[in-house]
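Quick note on labels: first sequence line is chain A, next is B, and so on, each numbered from 1. Every heavy atom of this structure was used, including side-chain atoms; hydrogens, water molecules and symmetry mates were not.
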Amino acid sequence: MRQRRENLAKLRELGIEPYPYSFPVTHYAKPLVETFVDGEKTDVAVAGRIMTIRNMGKASFFHIQDSTGKIQIYLRKDDVGEMTYKAFKYFDIGDIVGVHGYTFRTKTGEVSVHATKLEMLSKSLRPIPVAKEQEIDGKKVVYDAFSDKEQRYRMRYVDLIVNPHVREVFMKRAKLIQTIRDFLNSLNLLEVETPILQPVYGGASARPFTTHHNALDMKLFLRIANELYLKRLIVGGFDGVYEFAKVFRNEGMSRFHNPEFSMLEFYVAYKDYNWMMQTVEVLFEKIAMAVNGTTLVKVGEHEVNLKAPYRKLTMAEAVKEYTGKEIEGKSEDELRAIAGELGLKLDPKIGSGKIIDEIFGEFVEPKLIQPTFIMDYPIEMSPLTKKHRSKAGLVERFELIVAGKEVCNAYSELNDPIDQRERLEEQAALRERGDDEAMGVDEDFLRAIEFGMPPTAGIGIGIDRLTMLITGQDSIRDVIFFPTMKPE
RNA sequence: GAGCAUAUAGCUCAGCAGGUAGAGCAUCUCACUUUUAAUGAGAGGGUCGAUGGUUCGAGUCCAUCUAUGCUCACCA
């Protein structure tokens, strides 16, 4: 730091302003290198951060890195003049510079820019942890990379400068979101925004973050889901709405959980969960193709194929297939006995729906590697889902499981206002008994439903986990720019 | 919430039952007008995460704390 400040002062003594206002960039590193034709001199103006410097006396080589990649610059005293070359002594790795010059190929074969003019664009005061790289047989070997996870997450800006694969992941994330948005727009859904600060939280089972509004002197919750607001909009007459929503859940953290995360929900009037399944498999195939150019994705040792259509199993069929046990039509006591035979230890307070869920989560879900729709859940755990049209005790809900993990959750939405009220009141009763994740009764939501909501299909997709799947990352912190951390 | 692990130079890491801190890269000086882990010669750089304790002596042993990672639990 001290050395850098001295270099900064030296530049000012030489009459160079180290923080100028603009630079007329005409070309970018990667396309320049890729489209270079031998013998062709293209005049260029490039800008970027200095990543390496090799000083040869009266000539120097250095690499700059811009948003597309790196390109080497060749700087000769005879070409840029005494003044500039002298000033270059005070340029450091990490500085952002602009270069005018022309393209050429060096004796060793690297496409480079022969500088005719060099400008400091921003002096860096902190040394960046650049790794040494060497190409051996076309493979890049990186020495001493900036790899400390804590530092990478705390200083993502440095991580992004130094670790190109990190940038890749986030560009893929953006592409994924863009693909979804284009797809939903092509279905004529309306992109909307709904409140993050909610007086009653609902739409999911989770503990909320609580805050306070001073002027109104009232408690507000950061949303744990936006479902109930999107349904109000369906009541309001939109045929389809969607929202990319940051949601907040006050729960533990792990490589699959961050307290704030991104959820896409969309709702389409006059459709049911069968329609939604077809839509989802088309969407996921499109995402994989758009982001990776293939429907194949590597997850750990497994290779997953996201090509539609996906296998469909009811929850009862899935449990039977993987445990050999029949759960359809069984009473709570019978289910508890089955769980016992399988070796599951269960809290005696939980009901039959929860027992099935435990069996499924323990013995089935981890084994579902290829994309599989699991349909028809027990009613107890789905207070916002429409009863199954033909199977008692079940609801029209599905989850898509890929690589042993849930990636989305969808229903034929409950639009019977009387049924809905009863279910929310059951939730409220659970909450009374100390289940602080049970939903409260949102009277305004019920009022909306009472005005009449068309039959509707709805879905929630965890964008972070989907990004993990598509980009092959195994921690949610690697797909969120600034994951939640304790203060330093 | 529980267990295990980690914390030493800007970065990546060594540091051998306790004896006063080291390497590579980065930085600085000199040389070098096609180098690419440039090269050659030289130099500087550290409250060893924090606080206590044991000891003649602690980076090293013990305790507590803090942060992080991994696993489990929790969590649609």
Side-chain angles (χ1 to χ4, degrees), chain A residues 1-4 6-7 51-63 70-80 85 89-90 92-94 104-110 112 114 124-136 140-155 158 162-163 203-207 224-225 227 249-259 261 263 347 353-354 357-358 360-361 365 374 377-378 380-385 397-399 401 405-411 436-437 439 460 462 465 474-475 477 483 485-488:
Chain A
M1 280 272 284
R2 179 155 30 86
Q3 186 59 46
R4 300 259 173 151
E6 281 171 22
N7 287 351
M51 299 303 284
T52 63
I53 298 178
R54 286 176 297 284
N55 205 292
M56 307 283 302
K58 294 188 179 61
S60 295
F61 291 88
F62 58 96
H63 277 95
K70 291 179 192 169
I71 189 164
Q72 179 171 254
I73 312 294
Y74 177 47
L75 184 74
R76 243 176 26 160
K77 190 175 177 182
D78 292 353
D79 298 318
V80 296
Y85 204 78
K89 268 180 54 173
Y90 304 114
D92 294 297
I93 288 174
F104 76 114
R105 190 183 289 278
T106 65
K107 214 158 68 176
T108 52
E110 180 165 348
S112 306
H114 193 131
S124 164
L125 292 183
R126 289 179 186 269
I128 61 167
V130 282
K132 281 283 170 188
E133 285 176 16
Q134 185 179 24
E135 271 191 42
I136 296 171
K140 270 204 176 153
V141 179
V142 181
Y143 298 86
D144 304 337
F146 179 62
S147 57
D148 184 279
K149 285 194 176 175
E150 178 178 358
Q151 296 222 64
R152 286 184 44 226
Y153 297 145
R154 287 193 193 282
M155 296 191 286
V158 176
V162 165
N163 294 321
S205 315
R207 281 178 293 173
I224 57 172
E227 171 161 354
R249 296 186 185 177
N250 207 339
E251 311 272 1
M253 291 165 65
S254 79
R255 68 195 181 96
F256 293 105
H257 300 84
N258 198 64
F261 63 100
M263 172 97 105
D347 185 334
K354 182 81 181 159
D357 189 60
E358 290 281 339
F360 178 78
E365 195 172 38
I374 299 296
Y377 283 65
E380 292 89 336
M381 304 191 59
S382 310
L384 302 169
T385 311
R397 166 179 171 183
F398 73 84
E399 294 189 358
I401 314 290
K405 290 275 177 301
E406 169 204 339
V407 292
C408 68
N409 182 15
Y411 331 131
D436 55 0
E437 289 181 348
M439 291 180 206
R465 289 187 189 176
D474 56 15
S475 171
R477 293 184 151 190
M485 305 282 280
K486 282 199 187 178
E488 285 179 70

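Classified by interplanar angle (parallel below 30°, tilted 30° to 60°, perpendicular above 60°), the ring pair A/F104/A/Y74 is tilted.
Within the 4.0 Å cut-off from OP1 or OP2 of B/rA38, at least one side-chain nitrogen or oxygen of A/R54 is found. Contact annotation: A/R154 reaches the phosphate of B/rU68 (side-chain N/O to OP1 or OP2, under 4.0 Å). Distances shorter than 4.0 Å separate some side-chain N or O of A/R255 from OP1 or OP2 on B/rU71.
Among residues two or more places apart in sequence or in another chain, the side-chain contact (heavy atoms from CB on, under 4.5 Å) test is passed with A/S205 by A/E437. The side-chain contact (heavy atoms from CB on, under 4.5 Å) test applied to A/D148 returns A/E150, A/Q151, not counting sequence neighbours. Applying the side-chain contact (heavy atoms from CB on, under 4.5 Å) criterion to A/E358, with sequence neighbours excluded, gives A/L344, A/L346, A/I350, A/K354.
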Show me the dot-bracket string of RNA chain B, counting Watson-Crick or G-U pairs under 3.5 Å, with | for pairs to another strand and [ ] for crossing ones. (((((((..((((.....[..)))).(((((.......))))).....(((((..]....))))))))))))....
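Between the side chain of A/E110 and the base of B/rU35 there is no donor-acceptor pair of N/O atoms closer than 3.5 Å. At a cut-off of 3.5 angstrom, the base of B/rU35 holds at least one donor-acceptor pair with the side chain of A/T106. Within 3.5 Å, a donor on the side chain of A/Y411 pairs with an acceptor on the base of B/rA76, or the reverse.
Here, B/rG44 and B/rU29 have their P atoms 15 Å apart, quoted to the whole Å. Annotation: B/rU71 and B/rU35 have their C1' atoms spaced 48 Å apart (nearest Å). Between the C1' atoms of B/rU27 and B/rG45, the separation comes to 8 Å (whole Å).
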What string of B, S and - do you get for nucleotides 4-9 of chain B 5' to 3' if you count protein non-hydrogen atoms under 4.0 Å? ------
Are any protein N/O atoms closer than 3.5 Å to N/O atoms in nucleotides 28-33 of chain B? If there are, list each pair with its distance.
residue : atom : partner : partner atom : Å
B/rC28  : OP1  : A/D92   : OD1          : 3.4
B/rC32  : N3   : A/G57   : N            : 3.4
B/rC32  : N4   : A/G57   : N            : 3.4
B/rU33  : OP2  : A/K58   : N            : 3.2
B/rU33  : N3   : A/D78   : OD2          : 3.0
B/rU33  : O4   : A/D78   : OD1          : 2.3
B/rU33  : O4   : A/D78   : OD2          : 2.5

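In this structure, the CZ atom of A/R4 is 12 Å from the P atom of B/rA26, given to the nearest Å. A/D474 has its CG atom 13 Å from the C1' atom of B/rU71, to the nearest Å.
Which of B/rA76, B/rU35, B/rC70 sits closest to the side chain of A/K149 comes down to B/rC70. The side chain of A/Q151 lies closest to B/rC11, out of B/rU12, B/rC11, B/rA76. Ranking B/rU12, B/rU34, B/rA26 by closeness to the A/F146 side chain, first place goes to B/rU12. With B/rA76, B/rU68, B/rA26 as the choices, the nucleotide that has an atom nearest any side-chain atom of A/K486 turns out to be B/rU68. Ranking B/rU68, B/rU12, B/rA76 by closeness to the A/D148 side chain, first place goes to B/rU12.
Nearest heavy atoms, A/R249 versus A/A204: NH2-CB, 3.3 Å.
Distance check, rounded to the nearest 0.5 Å: CZ of A/F61 to CD of A/E110 gives 9.0 Å.
No donor-acceptor pair closer than 3.5 Å links the side chain of A/R465 to the backbone N or O of A/V407.
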